[in-house]
2 protein chains.
Amino acid sequence: MLESRAVDDVAEVLRHEIARGVLAVGERLAPERQLALRFEVNRGTVRAALGRLEAEGLLSVRQGSGYLVRDFRRTGSLELLPSLVAGRSAKERLAIASDLLAVRRQLAALVLERLREVPSAALASVRRAIEDFELAAQSRDVARVAAADLDVLAALLAVTESPVLQLCASPVANVLAELPELRDAIYAEPQTNVMAYRALLAALELPRTKRPSADQLAVILAERDRVTLARLAER
Amino acid sequence: MLESRAVDDVAEVLRHEIARGVLAVGERLAPERQLALRFEVNRGTVRAALGRLEAEGLLSVRQGSGYLVRDFRRTGSLELLPSLVAGRSAKERLAIASDLLAVRRQLAALVLERLREVPSAALASVRRAIEDFELAAQSRDVARVAAADLDVLAALLAVTESPVLQLCASPVANVLAELPELRDAIYAEPQTNVMAYRALLAALELPRTKRPSADQLAVILAERDRVTLARLAER
DNA sequence: TCCCTCGATTGGTTCGACCAATCTGATGGT
DNA sequence: ACCATCAGATTGGTCGAACCAATCGAGGGA
């Protein structure tokens, strides 16, 4: 199986402690040599883990002084949402899922704005990705469906040619796949997603002047998320 | 001065090469030992740099096989936008700035939606942050103004109590401060920002039933960004 | 032709040492 | 009593070498 590396284990534990507040903001971390004893790994391994957390914005470090816990709400990114979700109440997890889908819709609105201006021919790659998604949707393998959905998003984002939209949307999409509860709710009935994509594609392949407004397109995605949240709430 | 660490230098060079496409997606990186020779540092230092890039989603690694360049458009995040901006044409940089501000507005819309439902008393911390921002705005020190603006955002996000909004909005705000060109354009006339914040705060401190709609509030931010982009375009 | 095996390659971890920045507390002067 | 200063301890940063573990690939055998 996927034997995780020692460095990942150490980083995971510390990340979790920061996310849960066991290590308060501004607090000093134990020295590297001490952490090495605690986790029973070499100091170099501890350093690798701490380096990752620093890159994630969870720690700051000064030579001779030590590591300080930063305020992840100001310097963190979505990557650590999974650690943040662990141990929260069902109600809180539902609120998080709702917010996450809302953010996705807001970003999708920008993407759709741009796609409305693109010649239909440029959507060939999107059509292919959606057709692959339809195939995957029949497999009932949630992981495979989720992967195919990421491919659809990548195709859509590629057409926008906007690095900003790509770099903003990708983390949102990727974190969805790392929240099993939410991911299962999204793909519990993949046909819902297939229908939404078909509707979007049909609208965007119309002649440019006849395409629905961005608001009208957004309705399709809003309905999809509404279904997902209802499914999530009734558990 | 700020003597950067060797590990940061190595990571920066490799990050830049990936962002610029010198290292193509799917390509294998040179082995660690070889990179150590190239950069004239220890292999452990190279490993630390590669570990950061892996955490940033730029590389994948398999023991015995090596490092592969991932598609940062799918697995990266906003952190690497600065590397992506370097070397682009003025026109492209303007499009990036425009997109970035558009994303910020979309996220701000969600934040304002929630703030409209919050009792005025909860906005005391926001008022304090805005007053500090007004003081900083008089200093004409762009870095200080930008820092105070981040404090305002943090206060706004804290009121929402939404970890998702916090983790989504922070990277956007932080990357703005790392793009000098855009940052200078935003704060060239700080009074513009002060006026916008005052208007927002006044609107949100009204009795809940008398507050303007989220759309009306969004207009204030849109106007602010319009000014910024005009300033950026005329250079 | 296919498959297996074994050596070479490459990342993962450990150990030990030393350098550099910082912190702390004792010292000594005012 | 207060404070500046300095030396030693603490702590992160880098280095070098060694060995383990997963993978790859060329050569040989069925």
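Bear in mind the structure is a predicted one, so any value in this text is a computation, not a measurement. The figures that follow rest on heavy atoms only: side chains count, while hydrogens, waters and symmetry mates do not. Lettering of chains follows the sequences in order, A, B, ..., and the numbering in each one begins at 1.
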(request) Among the candidates C/dT13, D/dT14, C/dG11, find the nucleotide nearest to the side-chain atoms of B/A6. (result) D/dT14

(request) Just grab all the side-chain hydrogen bond (donor to acceptor under 3.5 Å, both in side chains) pairs involving residues 138-149 of chain B, residues at least two apart or on different chains. (result) B/D149-B/Y187, B/D149-B/Y197

(request) For the pair B/R38 and B/E17, find out whether any cationic side-chain nitrogen is under 4.0 Å from an anionic carboxylate oxygen. (result) yes

(message) Test of understanding: with salt bridge (charged side-chain N to carboxylate O under 4.0 Å, His left out), list the residues that count as partners of A/E92, not counting sequence neighbours.
(response) none

(message) The criterion is side chain to side chain donor-acceptor pair (under 3.5 Å); which residues satisfy it with A/Q106, sequence neighbours excluded?
(response) none

(request) Please state how far atom CG in B/L37 lies from atom C1' in C/dT10, giving the value in whole angstrom units. (result) 14 Å

(request) Select one nucleotide: of D/dT11, D/dG13, C/dG12, the one nearest the side-chain heavy atoms of A/P31. (result) D/dT11

(request) Using the test side chain to side chain donor-acceptor pair (under 3.5 Å), find all partners of A/S98 that sit at least two apart in sequence or belong to another chain. (result) none

(message) Taking side-chain contact (heavy atoms from CB on, under 4.5 Å) as the definition, give me every residue that meets it alongside B/A148, ordered by chain and number, with sequence neighbours left out.
(response) B/F133, B/A136

(request) Using a cut-off of strictly less than 4.0 Å between a heavy atom of the residue and any atom of DNA chain C, enumerate the qualifying residues of residues 10-17 of chain B by number. (result) none

(request) Take atom CD of B/Q63 and atom P of D/dA21, then tell me their distance rounded to the nearest Å. (result) 9 Å

(request) Determine which pairs satisfy salt bridge (charged side-chain N to carboxylate O under 4.0 Å, His left out) with at least one residue from residues 150-174 of chain A, sequence neighbours left out, and list them in order. (result) A/D151-B/R74

Only pairs under 3.5 Å count here: list side-chain donor-acceptor contacts from residues 48-60 of chain B, not counting sequence neighbours, and write none if there are none.
residue	atom	partner	partner atom	Å
B/R52	NH1	A/E54	OE1	3.2
B/E54	OE1	A/R5	NH2	3.2
B/E54	OE1	A/R52	NH1	3.3
B/E54	OE2	A/R5	NH2	3.1
B/E56	OE1	B/R15	NE	2.9
B/E56	OE2	B/R15	NH2	2.9

(request) Give a yes/no on whether any side-chain N or O of B/Y67 is located under 4.0 angstrom from OP1 or OP2 of D/dT23. (result) no

(request) Please work out which residues in residues 39-49 of chain A have a non-hydrogen atom less than 4.0 Å from an atom of DNA chain C and list them by number. (result) A/V41, A/N42, A/R43, A/T45

Quick one: which protein N/O atoms are closer than 3.5 Å to N/O atoms of nucleotides 23-26 of chain C? Pair and distance per line, please.
residue	atom	partner	partner atom	Å
C/dC23	OP1	A/R62	NH2	2.6

(message) Can you measure A/R5 atom CZ to D/dA22 atom C1' for me and round it to whole angstrom units?
(response) 13 Å

(request) Rounded off to whole Å, could you give me the CZ-to-C1' distance for the A/R33 and C/dA17 pair? (result) 11 Å

(request) Sequence neighbours left out, what passes side chain to side chain donor-acceptor pair (under 3.5 Å) with A/E134? Give chain and number order. (result) A/R198

List the atom pairs, with distances to 0.1 Å, where a side-chain N or O of residues 18-30 of chain A and a protein N or O form a donor-acceptor pair under 3.5 Å, not counting sequence neighbours.
residue	atom	partner	partner atom	Å
A/E27	OE1	A/A24	N	2.9

(message) Quick check on A/R73: does its CZ atom have over 12 non-hydrogen neighbours (other residues, nucleotides or ligands) under 6.0 Å away?
(response) no

(message) Expressed as a whole number of angstroms, how long is the span from B/E32:CD to D/dT23:C1'?
(response) 14 Å

